[in-house]
Amino acid sequence: MTQPASPARPVTDKIPPADGDKSPWWSVVFRADLRTLSLLGVLAALVVIGGVTEPDAFLDTDNLQLVLTQASVIGVVTVGMTFVIISGGIDLSVGAIVALASVWATTVATQDYGFAGILFTAVVVGLGCGLVNGLLIAYGGMVPFIATLAMLASGRGLALEITDGKTQMVTVDGVLKLGERDSYILGIPPLVMVFAAVTVVGWLLLNRTTFGRRSVAVGGNPEAARLAGIDVRRQRLYLYLLSGLCCGIAAFLLIILSGSGQNTNGNLYELDAIAAAIIGGTLLSGGRGTITGSVLGVLIFITIQNIFALNNLETAVQQIAKGAIIVAAVLVQRRTATT
């Protein structure tokens with residue numbers, strides 16, 4: 001006698017996950033949202049601390065505008081840095097590029113061309129430095145740490161050579177007026193608007209374009225990205241060009257903010273940008289990161305600086321606090337990466 005056919009398995013049966021797929025997609029989204037909410041909680045706590053310790057000064061409109069304005073310059077740099085780190089790279093030259101772009105854009109010869117000349121020069125110098133970094137790393141085979149360290153040294157040296165150690169004052173009215181209160185729109189400084197625009201463009205570029213997906217793929221597994229048809233070298237070149245562009249924009253914002261160009265501009269910007277990206281959840285090993293998190297990281301650091309300044313705390317204490325925050329962020333990253 002023939003055995004009766006076994007009943008078909010219901011289509012609702014669950015398929016066991018693959019060995020490499022230990023967590024469903026929704027858990028990744030949950031962790032990302034939880035990280036963002038945590039950063040917002042830290043920022044809110046800092047606002048409360050500032051309001052309690054120095055209520056009149058910290059919560060003053062002028063001070064809040066100052067915090068956002070200061071965050072704008074380093075924030076634009078951090079957007080570019082986030083893309084580079086997501087791809088598995090690093091850029092130690094961003095501060096030097098900002099300095100070089102700011103002094104080159106404020107020479108007497110450049111200022112003769114007015115507002116457009118200063119803006120154009122700052123952006124072109126930033127792009128040029130990013131191009132050199134990208135060519136050395138993507139096509140020259142240099143380690144990003146070494147290539148950008150060399151750019152850091154040479155950029156600082158060239159900025160010092162151009163200025164001869166002196167401050168170059170801006171005389172173009174169109175640039176100076178952007179830093180005045182009369183140019184604020186609904187109480188928002190123009191620098192903050194530029195920062196917001198760069199943030200939105202960066203978010204769209206990372207989350208809604210093939211460029212962003214390729215950047216994540218290159219950072220996650222360069223060999224797999226190559227086998228998938230991605231030109232890894234060209235993608236890395238584009239990423240360092242993007243970082244240089246952000247540095248050029250930041251240099252122009254810094255010129256507006258200070259009304260001058262100095263070879264000391266952008267000092268330690270590379271450390272602040274890397275730290276803000278790490279705080280925001282960007283992995284130093286590449287393959288993961290968010291623009292929103294990086295921006296929140298910038299706001300957290302600038303708020304801490306502002307609170308310390310208002311309470312007359314020493315710079316050394318501020319640096320120690322930064323270091324502690326970075327260590328804590330890395331430990332949290334390691335914890336979430338293993339869950």
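Start at 1 with the first residue, then count along the sequence. The structure displayed is predicted, hence computed values, not measured ones.
Nearest heavy-atom pair, N265 versus A99, reported as atom, atom and distance to 0.1 Å: O-CB, 3.1 Å. Of all the heavy atoms in G51 and F58, the pair that sits closest is N-CD2, 3.6 Å. Here the shortest heavy-atom pairing between A251 and A101 reads CB-CB, 3.6 Å. Closest non-hydrogen pair, A250 versus V98, comes out as CB-CG2, 4.3 Å. Smallest separation of non-hydrogen atoms from I85 and A277: CD1-CB, 4.1 Å. V79 approaches F83 most closely through the heavy-atom pair O-CD1, 3.3 Å.
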Worksheet item: Could you go step by step and tell me if R181 and D62 meet the salt bridge (Lys or Arg N to Asp or Glu O under 4.0 Å) rule?
Response: CA-CA 10 Å; R181 186 168 297 277; D62 292 341; 3.1 Å; yes

Worksheet item: Can you check side-chain contact (heavy atoms from CB on, under 4.5 Å) on T53 and I49, steps first, answer last?
Response: CA-CA 6 Å; T53 56; I49 293 173; 4.2 Å; yes

Discussion item. Is there a ring-ring contact (aromatic ring centres under 6.0 Å, His included) between F252 and F115? Walk through the geometry before answering.
Written reply: CA-CA 10 Å; F252 183 71; F115 182 98; 5.4 Å; yes

Discussion item. Under the criterion side-chain contact (heavy atoms from CB on, under 4.5 Å), I'd like the reasoning laid out for E54 against N311: C-alpha separation, chi angles, the key distance, then a yes or no.
Written reply: CA-CA 7 Å; E54 290 289 339; N311 286 275; 3.8 Å; yes

Worksheet item: side-chain contact (heavy atoms from CB on, under 4.5 Å) between I256 and L176: does it pass, once the steps are laid out?
Response: CA-CA 6 Å; I256 296 173; L176 296 175; over 6 Å; no

Fill in: Worked verdict on N133 versus D91 for side-chain contact (heavy atoms from CB on, under 4.5 Å)
CA-CA 9 Å; N133 281 337; D91 192 347; 3.9 Å; yes

Worksheet entry | CA sep, side-chain torsions, deciding dist, call: S215, Q235, side-chain hydrogen bond (donor to acceptor under 3.5 Å, both in side chains) | CA-CA 7 Å; S215 300; Q235 185 69 18; 3.0 Å; yes

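I90 CD1 to I274 CD1: the interatomic distance, rounded to the nearest 0.5 Å, is 3.5 Å. To the nearest 0.5 angstrom, T303 atom OG1 is 6.5 Å from I307 atom CD1. From L245, atom CG reaches atom CG of L127 across 5.0 Å, with rounding to the nearest 0.5 Å. The CG atom of L119 lies 8.5 Å from the CD1 atom of I249; values are rounded to the nearest 0.5 Å. Taking OG1 of T199 as the start and CH2 of W203 as the end, the distance is 12.5 Å to the nearest 0.5 Å. Residue I230 holds its CD1 atom at 9.0 Å from OG1 of T210, rounded to the nearest 0.5 Å.
Not a single donor-acceptor pair under 3.5 Å links the side chain of S243 to the backbone N or O of L239. In terms of modelled atom types and a separation under 3.5 Å, the side chain of R156 and the main chain of N263 share a donor-acceptor contact. When atom types are taken as modelled, the side chain of Q168 and the backbone of G261 share no donor-acceptor pair closer than 3.5 angstrom. Without hydrogens or angle criteria, T110 side chain to T106 main chain gives no donor-acceptor distance under 3.5 Å. Looking at S183, its side chain does come within 3.5 Å of a backbone N or O of K177 through a donor-acceptor pair. A distance-only check finds no donor-acceptor pair linking the side chain of N63 to the backbone of L59 [under 3.5 Å].
Side-chain polar atoms of S102 and Q262 form no donor-acceptor pair below 3.5 angstrom. Side chains of Q111 and T171: a donor-acceptor N/O pair is present below 3.5 angstrom, by distance only. For the residue pair S93 / T148, no side-chain donor-acceptor distance below 3.5 Å is found, with atom types taken as modelled. Using modelled atom types and a 3.5 Å distance limit, the side chains of S72 and T69 yield no donor-acceptor pair.
Considering only heavy atoms from C-beta on, I291 stays 4.5 Å or farther from V200 through its side chain. Counting heavy atoms from C-beta on, the side chains of Y240 and L136 never come closer than 4.5 Å. Side-chain contact between R213 and T209 is absent, with no heavy-atom pair separated by less than 4.5 Å. No side-chain heavy atom of T290 sits less than 4.5 Å from a side-chain heavy atom of T82. Counting heavy atoms from C-beta outward, I118 and Y113 have side chains that stay 4.5 Å or more apart. Counting only heavy atoms from C-beta outward, the side chains of T282 and S294 approach each other to under 4.5 Å. Counting only heavy atoms from C-beta outward, the side chains of L46 and L299 never approach each other to under 4.5 Å. Proximity of V125 to I97: side-chain heavy atoms (C-beta onward) are nowhere separated by under 4.5 Å.
V94 and L271 fall into different hydrophobic clusters, where Ile, Leu, Val, Met, Phe, Trp and Tyr side chains are chained together by heavy-atom contacts under 4.5 Å. Under a hydrophobic-cluster definition in which Ile, Leu, Val, Met, Phe, Trp and Tyr are linked whenever side-chain heavy atoms come within less than 4.5 Å, directly or via other members, Y269 and V295 are assigned to the same cluster. One hydrophobic cluster, built from ILVMFWY side chains closer than 4.5 Å, cannot hold both I278 and V84; they sit in different ones. In terms of hydrophobic clustering, with Ile, Leu, Val, Met, Phe, Trp and Tyr side chains grouped at heavy-atom distances under 4.5 Å, Y184 and I255 are assigned to different clusters. A chain of hydrophobic side-chain contacts below 4.5 Å, direct or via other Ile, Leu, Val, Met, Phe, Trp or Tyr residues, connects V76 to I74.
In this view, R208 satisfies the salt bridge (Lys or Arg N to Asp or Glu O under 4.0 Å) rule with no residue, not counting sequence neighbours. In this structure, the side-chain contact (heavy atoms from CB on, under 4.5 Å) partners of L158, at least two apart in sequence or on a different chain, are L100, W104, I162.
E161 CD: 12 or fewer foreign heavy atoms inside a 6.0 Å radius. Under a cut-off of 6.0 angstrom, the local environment of OH in Y139 is crowded, with over 12 non-hydrogen atoms contributed by other residues, nucleotides or ligands.
A salt bridge links R226 to E223: at least one charged side-chain nitrogen sits closer than 4.0 Å to a carboxylate oxygen.
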